[in-house]
Every structure is written in structure tokens, then in C-alpha cells.
K.L.:
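There's a structure below that I have some questions on.
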Number of protein chains: 2
Amino acid sequence: MLETVTPMKTEASDALSETAQKGDAERRGRKASKEVRQLQLIEATIDSLAKRGYAETTMADVADGAGLSRGIVNFHFESKEKLLIATLQHMYDEYSAHWRTALQKAGDDPARQLQHLVWADFDRSICNKRKLAAWLAFWGEAKSRPTYQALSSSRDAYYQQVFIDLCTTLKQSGGYAYDPQVIALALSAMLEGLWLRLMMGTEDTTRETALQSANAFLASAFPKHYD
Amino acid sequence: MLETVTPMKTEASDALSETAQKGDAERRGRKASKEVRQLQLIEATIDSLAKRGYAETTMADVADGAGLSRGIVNFHFESKEKLLIATLQHMYDEYSAHWRTALQKAGDDPARQLQHLVWADFDRSICNKRKLAAWLAFWGEAKSRPTYQALSSSRDAYYQQVFIDLCTTLKQSGGYAYDPQVIALALSAMLEGLWLRLMMGTEDTTRETALQSANAFLASAFPKHYD
DNA sequence: CCATATTGAATGAATGTTCAACAAATGGTG
DNA sequence: CACCATTTGTTGAACATTCATTCAATATGG
């Protein structure tokens, strides 16, 4: 199962582990490894996207946020566009790795697997104001930028297929009536919709209530599998 | 029930009906009523948002799209920001009027009302590539712009309350177990999530499959009310 | 003729990119 | 180890471009 993870680009997370090795002290020093500096700039980009939105995110703001000079971003990333693509790729990789790990840890029971995938979606490390805001900023631009499209739906075709497969299995073991593909779409759309509400800061939606609603859906769609 | 509609700002839709009265011929003529011209510019703004996204939408592009000169937008709307707010307000009003009308036409049966609300969400007049793309463009900027926040969640607090009320009624008549508030959130989040998929142009989601999934949700959540 | 609408060029501010100068690390050499 | 040369990273100012806004001139309808 981890085999399917490897084909993804994971330079960013490699750089992350390197950060941990070298410690935070060096991050501010003059010399830092290329990957560390790039990651630092990517984090500053996420900050800026979250705070100011896509349209208002400037190179200067990113550089300031990282505590570095103006020209530095064009040195590490060729252009603003490439910085943004690298940032999106980083977030995509992180999200993918997260749900794949969650799935792997869930064991073999499909009901448990589905439950863990739902939980993974609302995990603090993935689902927090800063990152959700950055996601939304990208989504807003995705349809008009072909380069973003493949990366911007954090949940990709493979993710969707996993959902369909799980729903198919549950259908057989529970004797449910509906089309697994249809119910899988309903489920994943609801998860994205709950994210959307969290992103927008709708008052009535918190991480807890969102998770509660997701579980209510599971319970009503698969009554034999969830309490 | 229609009483609750009136307090909303509906200048835009009034202007729309005026368009119909004066016909399309005058739209290109030198003189057109203030409201008609403003609506024309708003439509051009939606076009631009859909085609180029928020960040790339320029005053020049809007003016070109409307077939008018560069300075015209600042004459009718004071600034770019006010043009965008007016556009968002227009879309918000249209969406609100649409679901309220649908609800009104559904009669008194709550199950029927809920079904009609779902249908309304996927009606062609509301749910088409152009408008969905424009919505997404606004959503992407909403969290970082306080002015947008109130208007950008097309489904507002009152809409959500209607859902909760309907779920409460169905719960009583059907003897379901769950918390109406929780299931209402799941339902409305799923609708938004399906919109999101349509917005992003995910291959596996069309207006038909989205509607199918929404209905599957209704059937599994309220089995006694929907075949 | 007056009020109003419209034009399009001028203006100025914001911002992405470039680049010459500078600093720091690296590595080879005596 | 000391010294220098080369590579690599970093800075900040200069540059060019894009774009919202302004406004004087012009056109239009009443």
C-alpha cells in the first residue's frame, strides 16, 4: 500500500525532515540548505495566502514573512508562478501522504478504513485555519489556471476510487441498495463541503460539529456498520 | 413567506426586468438607463471572473467585455472594489430569490419542500459553468475580505435555518433518531461540496450525477420520505 | 442649451523581475 | 593549517510593466 505513495513527489517532506535534523537555529543563519530555504519560503507563502488571499499575495510579502530580502524568491523559484505551484504541490503532497498513512494504519476492516479517512480529513495537522485558507485561495484560481487544476483538488481521482471501493465493499457486506459510486460522491462532496464551511469561517461550523455531521452521514448511509 | 424576501436588496433584479422591458436593442445604444448599464457591466464582470479568475480580472477586461470604454466603470461604480461588491450582491440576490421561489412553489409538504430546495440548487439558471466559476472566484477571496464574507456564502444563516426546520419536521413525522441540526449541516455541506466539484470541473461530476448523489443522500437520511 | 453619459489619454502607484555588488561557504594547494 | 579561488547564496536598488483612477474633451438626449 505504501508503494502507491512513492511515485508522488515528496522533495518537500524530505526537506522537512532535514529541517528537523539541522534544528531551527540554522534556519535563520546565513547559510541554509537549498531545500530548507525553499520550504521556509513556501511556508511564508501559505501564511500570506491565508492572511491576504491569492490576489493580494505579493513577492515582497512572502519575502518579508520569511525575514529575507526581496530578490530571494526569484533566486530559489524562478518566478512568482513557480513559487505558487511549488506551494500547491507541497500542500498536495502533504494531504496525500496524510490520508494514505491514515488508511494504512486503519487495518483491513473497510468500515474502519472509511472512518479513519473521515477522521484524517479533520485532523488538526491538515485541517486548520491557515491551511484551509490557503487551499481556498488556490481553489478560487484553479479553474482559470490549467497548471493548478491537477493539484488543486486535494482529493484526486485515486482518492475518489478508494472511496468507491470502500463503499462497494460495505454495500456487499451490509446489503445496501444504492450505487456505490453515487454514495461515494455524496460522501466525498460532503467532506469537501464541510471543509468549505470551515474555510469560510461560518459560525455554526467547527471542526467538532463538522466531524459530527460526517459521522451522522456514515451512520445513515451505512447503518449496519456504524453504531 | 414572501414577506421575508422583500427586506433583501433587489435593485439588480429590478434592473433586470427593466432590461426585458426595453429590449436588447437599446443595450448597445448610446443611451441606456443607469440600471441597465450597471447590469451590463455586472454581467461583463461575471464573464471576466469566470474566464480569468479573480486575480486576473481587470477593469479594462470588464469594459472590453461590455463593449464600452475604459473609464466607464469608474463612472457607474466608484471603484473596482465597489463593482465587485455589486456583482457579488447581484449574484447573492439572484440565488436567494431562486431558492425562496422554489420553496414557495413546493407547497406545504416538508419532504417536497426539501426536494425542491435540492432541485433548485442544480437548476440550470443558477448552476452553470459561468456562475459557478464566478462564485468560486469570490469564495477564494472571501475570508481575507470582510466586506465579502456576509455575501459570499450564497447559502446564508436563514437558508440554513430553513434546512434545520425541515429536518426537524421530517424527524418527527418519520421517527428518525439523529439531531436535525447535524443532519442539516451534512446535507447543506454536501450540496456545497457538489457545487464545488462542478466548479472545479472534476470529470466524474456533472449536474446529473451531482443531483443523483444529492437524492441518494436524501433517500438514505430520510428513508421513509424518499422512496 | 443643459444635464448627463461616454470616451480615451495621462497619471501615478504597485509589483514582478533583473542584476551588479557583496558575503559566505567550499575546496583545493602549498 | 593558512591562503586564495571559485562557487553559491543574498541583498537591495533599478527597471519595466500592468493597472486602477482621474479628468478634460466630446457626444447625446431631453
Side-chain angles (χ1 to χ4, degrees), chain A residues 15 18-19 22-23 25-42 44-45 47-49 51-87 137 141 144-145 147, chain B residues 15 18-19 22-23 25-42 44-45 47-49 51-87 137 141 144-145 147:
Chain A
E18 196 165 356
T19 307
K22 298 200 174 182
E26 198 154 5
R27 190 176 286 185
R28 296 239 156 178
R30 284 274 146 152
K31 184 66 193 306
S33 87
K34 205 154 193 160
E35 280 116 6
V36 170
R37 187 111 300 171
Q38 285 185 355
L39 192 61
Q40 180 185 4
L41 289 170
I42 284 175
T45 305
D47 284 341
S48 183
L49 287 170
K51 197 184 310 163
R52 311 173 41 141
Y54 187 98
E56 301 275 312
T57 286
T58 67
M59 298 290 261
D61 192 52
V62 170
D64 290 354
L68 297 170
S69 74
R70 299 294 155 93
I72 197 68
V73 187
N74 287 82
F75 177 78
H76 285 287
F77 303 88
E78 210 168 314
S79 64
K80 183 183 183 183
E81 191 182 8
K82 291 191 177 168
L83 166 69
L84 289 167
I85 289 172
T87 302
E141 293 293 316
S144 51
R145 312 220 182 196
T147 327
Chain B
E18 195 165 355
T19 307
K22 297 202 172 181
E26 196 155 3
R27 190 175 285 186
R28 296 239 158 179
R30 282 277 147 152
K31 183 69 193 308
S33 87
K34 206 154 192 159
E35 281 116 5
V36 170
R37 188 110 302 170
Q38 285 183 356
L39 192 61
Q40 180 185 3
L41 289 169
I42 284 176
T45 305
D47 284 340
S48 183
L49 286 171
K51 198 184 310 164
R52 311 175 40 142
Y54 187 97
E56 302 276 312
T57 286
T58 68
M59 299 288 262
D61 192 52
V62 170
D64 289 353
L68 298 170
S69 73
R70 299 293 155 95
I72 197 69
V73 187
N74 286 85
F75 177 80
H76 285 287
F77 303 87
E78 208 168 315
S79 64
K80 183 184 182 181
E81 191 181 8
K82 291 192 176 166
L83 166 70
L84 289 167
I85 291 172
T87 303
E141 293 294 315
S144 51
R145 314 222 181 192
T147 327

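Every heavy atom of this structure was used, including side-chain atoms; hydrogens, water molecules and symmetry mates were not.
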K.L.:
Whole angstroms only, please: what is the CD1-C1' distance between Ile72(B) and dT26(D)?
P.N.:
13 Å
K.L.:
Round to the nearest Å and state the distance from Arg52(B) atom CZ to dT18(D) atom P.
P.N.:
12 Å
K.L.:
For the pair made of CZ in Phe75(A) and P in dC22(C), what is the distance, rounded to whole Å?
P.N.:
18 Å
K.L.:
Give the intermediate values and the outcome of salt bridge (Lys or Arg N to Asp or Glu O under 4.0 Å) for residues Lys51(B) and Asp61(B).
P.N.:
CA-CA 10 Å; Lys51(B) 198 184 310 164; Asp61(B) 192 52; 5.6 Å; no
K.L.:
Checking Ser79(A) now: which residues fulfil side chain to side chain contact (heavy atoms under 4.5 Å, CB included) with it, not counting sequence neighbours?
P.N.:
Glu81(A), Lys82(A)
K.L.:
Between dT4(C) atom P and Leu68(B) atom CG, what is the distance in whole Å?
P.N.:
20 Å
K.L.:
Could you state the atom-to-atom distance from CD of Gln40(B) to P of dT6(C) in whole Å?
P.N.:
9 Å
K.L.:
Choosing from dC19(D), dT10(D), dT17(C), which nucleotide comes nearest the side chain of His76(A)?
P.N.:
dT10(D)
K.L.:
Please enumerate all residues that pass side chain to side chain contact (heavy atoms under 4.5 Å, CB included) together with Ser144(A), with sequence neighbours excluded.
P.N.:
Glu141(A)
K.L.:
Rounded to the nearest Å, what distance is computed from the CD atom of residue Glu81(B) to the C1' atom of nucleotide dT21(D)?
P.N.:
14 Å
K.L.:
Give me the atom names and distance for the closest heavy-atom approach of Val73(A) to Val62(A).
P.N.:
CG2-CG1, 4.4 Å
K.L.:
Taking only side-chain N and O atoms of Arg37(B), does any of them lie within less than 4.0 angstrom of OP1 or OP2 on dT6(C)?
P.N.:
yes
K.L.:
When the distance from CG of Asn74(A) to C1' of dT15(C) is rounded to whole Å, what number comes out?
P.N.:
11 Å
K.L.:
Starting from C1' on dA14(C), measure out to CE on Met59(B) and report it in whole angstrom.
P.N.:
16 Å
K.L.:
Measure from the side chain of Ser69(B), starting at C-beta and using heavy atoms only, and say which of dC19(D), dT11(D), dT7(C) lies closest.
P.N.:
dT7(C)
K.L.:
OP1, OP2 of dA5(C) versus side-chain N and O of Lys34(B): anything below 4.0 Å?
P.N.:
yes
